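Everything quoted here is computed from the prediction, not taken from an experiment. Side chains are part of it too, since the values below use all heavy atoms of this structure and drop only hydrogens, waters and symmetry mates. The chains referred to below are lettered A, B, ... by the order of the sequence lines, with proteins before strands, and numbering in each begins at 1.
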Number of protein chains: 2
Amino acid sequence: MGTRDGKILLTREDWIRAALGAIGEGGVNAVAVERLAKTLGASRGSFYWHFRDRADLIDAALELWARKNTAELVPELDAITDPVQRLRTLLRSVYEQPVDAVELTLSAASDDPVVAPVFARVTRQRIDFLHRIFTDLGLPPSQAAARAWLAYAFYIGHHQLGKNPEASELRPDRLDRVVELLTRGK
Amino acid sequence: MGTRDGKILLTREDWIRAALGAIGEGGVNAVAVERLAKTLGASRGSFYWHFRDRADLIDAALELWARKNTAELVPELDAITDPVQRLRTLLRSVYEQPVDAVELTLSAASDDPVVAPVFARVTRQRIDFLHRIFTDLGLPPSQAAARAWLAYAFYIGHHQLGKNPEASELRPDRLDRVVELLTRGK
DNA sequence: ACCTGAACACCGTTCAAGT
DNA sequence: ACCTGAACACCGTTCAAGT
């Protein structure tokens, strides 16, 4: 944020930060160029100097989120050698409150043309991660693949269900049974 | 659809049908009063004779969907006596193409104030249904509850992942392993 | 009872003009 | 290089006026 003639100059990053805030609060639809401009004290026209269009802004915001969030988390978890413990640590974050608001938006809007490619990349990284857990447990690759898919679909569904207060009352209060089911057998 | 002076009169149902079509094609956001009015050959003002506002229309559309879809499906599946077969039949519908477009919208937008109550009701009915499957299998209630939750979260997550072509390439091609995992063990 | 048409506020995008 | 302000199209909602 530079200044000139006492006026504040905005950077691309200023807009991105504002967009991520809006996504967290109200989802992708809440990213309104006019509202952000008002918040940042600039005109709508100014926005179009920094970004091609609204989709460009959302794309940049999600890219930033994915880098900070997934790319940095996976190596950290991979450091845990016991695969069951690694799975438990991952799933525990699902049960944590509050769930990352951008994460929710991402999976809910995964068919949005802007969201889709980011979501696909994050998904691939995460399923790879789960697959490693199950092969480390000694499962053959095809079984590990089925189980990784089940675990990841569970992860996504759990998030979606958690958004709805009435639905989440129905969920079990302990993770243990879920972990046990996923890691048992063979 | 009556007529008067050669002019077509629209009913609430005409608007609801148009709204369900729009939801299926582009999600809840695609329900635009002006666009529907143009499609139906009426003015926007006319819409507000039949509905309080846009949310009222979406609500009515989802109610209709839930009645047709879930309330009629559950008794039909309950007729299958073997619980494993019942689960397999249910999960098979998840793997079927194409997945119901309204179903996708419903779980993706389950935090939307209009969608939330409908989603919560549908969720309760379905988890009850799954719970019955697992108690029929001989599991104690608390274990059946954990497993019903896992199965339903899987169901939702599977749908969400299926929206994304790249993500769904990673899913296993056979349901059998998933059914086996869910139904196995004491 | 049901609909039209104009009005207002909000938003995305473009662009000539300013510094 | 970065921004403003006006313009246009699209949309939700209201309401007086029509039949």
Discussion item. What's the closest nucleotide to the side chain of A:R54 if the choices are C:dG12, D:dA1, D:dG5?
Written reply: C:dG12

Item to complete: With the side chain of A:R35 defined as its heavy atoms from C-beta on, choose the nearest nucleotide among D:dG5, C:dC11, C:dC3.
Response: C:dC11

Worksheet item: Does a side-chain N or O from A:H50 land closer than 4.0 Å to OP1 or OP2 of D:dA1, or not?
Response: no

Worksheet item: Any side-chain N or O of A:Y48 less than 4.0 Å from the OP1 or OP2 oxygen of C:dT14?
Response: no

Write down the distance between [atom1] ([X]) and [atom2] ([N]), rounded to a whole number of angstrom.
X: A:L36; N: C:dT13; atom1: CG; atom2: P; answer: 12 Å
X: B:F51; N: D:dT14; atom1: CZ; atom2: C1'; answer: 18 Å
X: A:W49; N: C:dG18; atom1: CH2; atom2: P; answer: 17 Å
X: B:L9; N: C:dA1; atom1: CG; atom2: P; answer: 13 Å
X: B:R12; N: C:dC3; atom1: CZ; atom2: C1'; answer: 17 Å
X: B:K38; N: D:dC10; atom1: NZ; atom2: P; answer: 6 Å
X: A:F47; N: C:dC15; atom1: CZ; atom2: P; answer: 16 Å

Worksheet item: Heavy-atom contacts under 4.0 Å between residues 21-34 of chain B and DNA chain D, which residues?
Response: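 Per residue number, the list reads B:V31, B:A32, B:V33, B:E34.
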
Do [X] and [Y] come within less than 4.5 Å of each other through their side chains, counting heavy atoms only?
X: A:R86; Y: A:D78; value: yes
X: A:F129; Y: A:L90; value: yes
X: B:L57; Y: B:V33; value: no

Worksheet item: Counting only heavy atoms not in A:E63, do more than 12 fall under 6.0 Å of its CD?
Response: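 Counting neighbours around CD of A:E63, more than 12 heavy atoms of other residues, nucleotides or ligands fall under 6.0 Å, so yes.
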
Worksheet item: Is there a donor in the side chain of A:W149 and an acceptor in the side chain of B:H158, or the other way round, less than 3.5 Å apart?
Response: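 On atom types as modelled, these side chains qualify, holding a pair under 3.5 Å.
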
Worksheet item: Going by distance alone, is a donor N or O of one side chain under 3.5 Å from an acceptor N or O of the other, for A:S107 and A:Q160?
Response: yes

Worksheet item: So B:H50 and B:W15, would you call those rings parallel, tilted or perpendicular, with 30° and 60° as cut-offs?
Response: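 Because their plane-to-plane angle lies in the 30° to 60° range, the rings of B:H50 and B:W15 count as tilted.
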
Practice prompt. Please work out which of the three classes, parallel, tilted or perpendicular, describes the rings of A:Y155 and A:Y152, given edges at 30° and 60°.
Written response: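 Answer is parallel, since the angle falls under 30°.
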
Worksheet item: Can you tell me how far the CZ atom of A:F119 sits from the CG atom of A:L62, to the nearest 0.5 Å?
Response: 11.5 Å

Worksheet item: Is any NZ, NE, NH1 or NH2 atom of the basic residue among A:E180 and B:R147 found under 4.0 Å from an Asp or Glu carboxylate oxygen of the other?
Response: no

Discussion item. Could you check whether A:R17 pairs with A:E13 (Lys NZ or Arg NE/NH1/NH2 to Asp/Glu carboxylate O, under 4.0 Å)?
Written reply: yes

Quick test: give all pairs of protein nitrogen or oxygen and nucleotides 6-8 of chain C nitrogen or oxygen below 3.5 Å, distance rounded to 0.1 Å.
none

Fill in: Strand DNA chain D in bracket notation, Watson-Crick/G-U under 3.5 Å with | for pairs to another chain
||.|||||...|||||.||

